[in-house]
Structures are given as structure tokens and as C-alpha cells.
Asks: 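My structure is below; once you've seen it, I'll send some questions.
This structure is a prediction, so every number in the text was calculated from the model and none was measured.
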Amino acid sequence: MFMGNIGVPTKKLVKAPMATTITDSQKPFSLDPYHVSEEFGFILPAPLMPLLNTQLLESHRELRLAHLALSVMTMGYVWQEGEDDTVKMLPRNLAIPYCEVSQRLGLPPILTHADAVLANWRKRDPQGLFDMENLELLVTLPGGDSVRGFFMVTLLVELAAVPAIKSIPLVINGVQCDDAETVTRALEEFSQAIQGMTDALKLMHVYVKPEVFYGIMRIYLSGWKDNSSMPAGLVYEGVQAEPMEYSGGSAAQSSLLHCFDELLGVKHEAMSGAFLTRMRNYMPPSHKRLIQDISLQPSLRGFVQQQACEPLTAAFQLCVTKLLALRSYHINVVSRFIIVPAARARQLRNQGNISQEETVSRAPTALEEKGTGGSGIMSFLKTVRDRTRDVFNLK
């Protein structure tokens, strides 16, 4: 039984005065919440943004995404007016954060294979397949569906190589342990993966139009080294006063074939080898280090010669055969997407028939005989292929 307050005199309750509240409708009306300036009206005052603070980027993934975005902005800014009206300076608001991110990643401040291919994809359906129908770009360049096709097919070539990458430690450890059987099995996986890379590369003919790649896309992959359109390079304002030179994107910037060459013992001719070595500076440093570390391991080719084991020799030679076939097929792709359109563009110029209706006529003349990385493209590719063939001789 509740007995509270028995015998305690009660106090008369006095109602306190209510606090006065101001509703939104009673507040003084102001333009401030609407981002309207009393000085400029609807005009955005001082629209130039402050420098991006790259210190807010913490993880490797965040830095790679930032490098991709800044790279595409830079390529668009530099090449937006074509090869005849290129810029000489990258504005500080882009140049400074770009170079800061590049320094932290150990990458150059230009669009690389590591950006445009390796870090530029997402699945439309996260649970779906890793295939052309379910992949899309994070950022793109002029060229429509052919841009997506070019980068996504190249990405699928990289994906097809995964079993070969996984085989590399098995091969190296097998050689160190004098285990011919393990090395043989790993090389069989290796050769199958290279065949898968060639099969993936064939999709280039399905998803990319040669005239669009050559006439529209290619200039945006170009650099400012060994390029007559920008012979002095590019000044990165606020970074250094002197122009800097960097090569454009190139398949030679993929770490895959560098790893394969070091493992199989492919030795390149001096000029081609120097170009390939320079392209390693356009790779993530950890990938470059992997290539270097593979080169320091005991010779696989020497191990195969020493073992004189028929299954091992056959597996090794099949790897070389598949790598040779991949490089030969790449030459055919380059011929269709660069050499043939370049010949058509020259023909149109010689005839004085420069028509915007012919997409190839928009292509920059500076790149007709070169890759976007700056190499003399066909002579380079054929020399690399021929040096791959030399590995066959195990005597």
C-alpha cells in the first residue's frame, strides 16, 4: 500500500511562465542558407578551389584512385585541343596534388597502365561474373564504347594471366629444391595461362573500333617524351620551373611479360631492352621489385638444360611457344589498330581530303610511326618477338 507524503503539508503549485519560442517562419529571412551572395548574387564568389589536401588520403587504394582521377583530368587538359595546340603548363591546382600523390605511390605524374587498366574497373553486379558484360570503367576518355572495350579487354588479359603469376613461386621454389616434377606441373599451368591471355586479347576485335582507337582515343594515351607535339615536355606549375618529360601509356608498362621474360630467360636487344627497363619506372614499385627479384633467382632455363628431362623440356618449350604466339598476335592487333589506320590517314592527307567524317583523319601525325609510349612500334615489337624465339635453343 502506497503511503507517500502522509502528514507532509502540501505546497500550492504555481505555473511557470512558458518560454517564448521563435519558429522558422518568425526568423529573419536571410540569403545565407541558399548560397546566395549579397555581393555577387547567384554568382559563385571566387570559384577557384583551394589546393586538394592529399594528406587526407591514407590507404594505397585511396591513393591509386586519386592518381587515376588526376591522370585522366591531366590527359584531358593537355590534349583537349589536339596535337597542334597543346598546353605548356599544367595548372598548380592540378599539378601539385598530382605530383604529391605520384610521389607517395612511386608512380610518375601521367596516366599509366597501372591507372587506366589495373585500377579503373568495377563490377556492375558485385556478385556477377568478371566478364565484359559485367564490367565498367570508373573514369573514361573520349571514344565512347571503344574506350571501355580497349581497357576492359586489356584488363581481361591481365586476369587471364593470374594462374601464370601464381605459378612463378612454384617454379622458383621447385628449381631451388631441384624438383623437376613440381617445375614441370607449374610450367604446364603457366603455358595454359598464356594461351588464355591470347584468347582474351582476341576480344579487342569485337569491342574496339580501329578507327575510333586510332583517330580519337590514342592521343589521350600519349605522353610528353619523344613526342614532337610537345618537344619540351610539360611544366608542372608549383612543382618545378623546368619542363618534365614522361612517356604515355604502353602495353610495355604491364608487369606481366616482364615477369615472364625474366622467368624464362628472354634476353632483349640493347635498344629494346633499354626501353622495357625504362617502362618499369611506370609500374607500382612493388611490381617492379617483383620483376627484379625474379631476375635474381637461379636460372630456370639453366635448370631445364641441366635436368635433361623430356617432360620438363617439353613444358618449358611450350611456355616459350605460347609466349611467342602471344607476341605475334599482339603484332597483328597493332597492325589492325595502328598501322592500317595510319596508312589511311596519310592517304587522306596526301589527297588533301581531311574530312571529319573519316575518324582516322583526326589522328595526330606525331604518333604515326610510334607507340604512345614513344617506341618505334613495329620494329620494337618484332625485335622483342624474335628474341623470345631465341630461348628455344637449349643447347
Side-chain angles (χ1 to χ4, degrees), residues 44 46-54 56-57 62-121 137-144 146-148 150-151 212-250 253 281-282 356 359 362-367 370-374:
L44 180 66
L48 188 63
M49 292 175 59
L51 284 176
L52 297 174
N53 185 358
T54 62
L56 298 177
L57 301 171
E62 289 173 345
L63 288 165
R64 289 286 293 274
L65 184 59
H67 198 272
L68 167 65
L70 292 166
S71 294
V72 171
M73 284 187 265
T74 295
M75 302 312 265
Y77 182 82
V78 170
W79 296 114
Q80 60 184 314
E81 300 297 337
E83 67 174 339
D84 295 327
D85 193 17
T86 56
V87 301
K88 293 180 172 58
M89 180 180 293
L90 192 65
R92 61 183 294 111
N93 281 45
L94 184 53
I96 292 176
Y98 193 15
C99 288
E100 288 177 352
V101 169
S102 298
Q103 185 175 29
R104 289 175 65 183
L105 285 170
L107 288 172
I110 193 170
L111 184 70
T112 68
H113 177 86
D115 300 307
V117 177
L118 303 182
N120 190 20
W121 64 274
L137 297 171
L138 299 180
V139 295
T140 190
L141 292 166
S146 286
V147 179
R148 174 182 171 271
F150 178 74
F151 290 136
V212 174
F213 173 78
Y214 185 80
I216 298 176
M217 287 176 54
R218 200 162 173 250
I219 191 171
Y220 293 99
L221 305 178
S222 306
W224 26 97
K225 179 180 175 62
D226 301 324
N227 188 339
S228 59
S229 296
M230 297 181 67
L234 179 68
V235 173
Y236 290 72
E237 186 183 22
V239 178
Q240 77 174 42
E242 297 76 24
M244 294 189 275
E245 296 183 324
Y246 294 104
S247 298
S250 168
Q253 293 172 4
N281 295 327
Y282 292 77
Q356 289 299 308
T359 306
R362 309 180 206 173
T365 59
L367 293 175
K370 291 184 176 182
T372 48

Asks: Are His67 and Ser102 linked by a side-chain donor-acceptor pair shorter than 3.5 Å?
Replies: yes
Asks: Could you label the plane-to-plane angle of the Trp224 and Trp79 rings as parallel, tilted or perpendicular, counting under 30° as parallel and over 60° as perpendicular?
Replies: tilted
Asks: Measuring from Met230:CE to Lys88:NZ, what's the distance to the nearest 0.5 Å?
Replies: 8.5 Å
Asks: Going by heavy atoms in the side chains, are Asn120 and Val139 under 4.5 Å from each other?
Replies: yes
Asks: With no hydrogens and no angle check, is any side-chain donor or acceptor of Glu237 less than 3.5 Å from a backbone partner on Arg92?
Replies: yes
Asks: Could you state the interatomic distance from CG (Asn227) to CD1 (Ile219), rounded to the nearest 0.5 Å?
Replies: 8.0 Å
Asks: To check you understand the geometry: which heavy-atom pair defines the closest contact between Leu141 and Val147, and what is its length?
Replies: O-CG2, 3.3 Å
Asks: With rounding to the nearest 0.5 Å, note down the distance linking CD in Glu100 to CG in Asn53.
Replies: 8.0 Å
Asks: Which pair of heavy atoms, one from Arg64 and one from Leu118, lies closest together, and at what distance?
Replies: NH2-CB, 3.9 Å
Asks: Measure the shortest side-chain to side-chain distance between Val235 and Pro243 over non-hydrogen atoms and say whether it is less than 4.5 angstrom.
Replies: yes
Asks: For the atom pair CG (Asn281) and CG (Leu107), what is the distance rounded to the nearest 0.5 Å?
Replies: 10.5 Å
Asks: Taking the six-membered ring for Trp, are Tyr246 and Tyr282 parallel (under 30°), tilted (30 to 60°) or perpendicular (over 60°)?
Replies: perpendicular
Asks: What are the two closest heavy atoms between Met244 and Val239, and how far apart are they?
Replies: CE-CG1, 4.2 Å
Asks: Got a sec: does the CD of Gln80 have more than 12 other heavy atoms crowding it under 6.0 Å?
Replies: yes
Asks: Between Met75 and Tyr220, what is the shortest heavy-atom contact and its length?
Replies: CE-O, 3.2 Å
Asks: With a 3.5 Å distance limit and no angle check, can you tell me whether Gln253 reaches the backbone of Gly248 through a side-chain donor-acceptor pair?
Replies: yes
Asks: Rounded to the nearest 0.5 Å, what's the gap from CG on Asp115 to CG on Leu65? Could you check?
Replies: 10.0 Å
Asks: Kindly give the heavy-atom pair with the smallest separation between Asn93 and Met49, and that separation in Å.
Replies: ND2-O, 2.6 Å
Asks: With a 4.5 Å cut-off on side-chain heavy atoms, are Pro109 and Thr74 touching?
Replies: no
Asks: With rounding to the nearest 0.5 Å, note down the distance linking NE2 in His113 to CG in Leu221.
Replies: 12.0 Å
Asks: Looking at every heavy atom in both Gly82 and Thr86, which two are closest together, and how far apart are they?
Replies: O-CG2, 3.4 Å
Asks: Report yes or no: does Tyr236 contribute a side-chain atom to a donor-acceptor pair with the main-chain N or O of Leu94 at less than 3.5 Å?
Replies: no
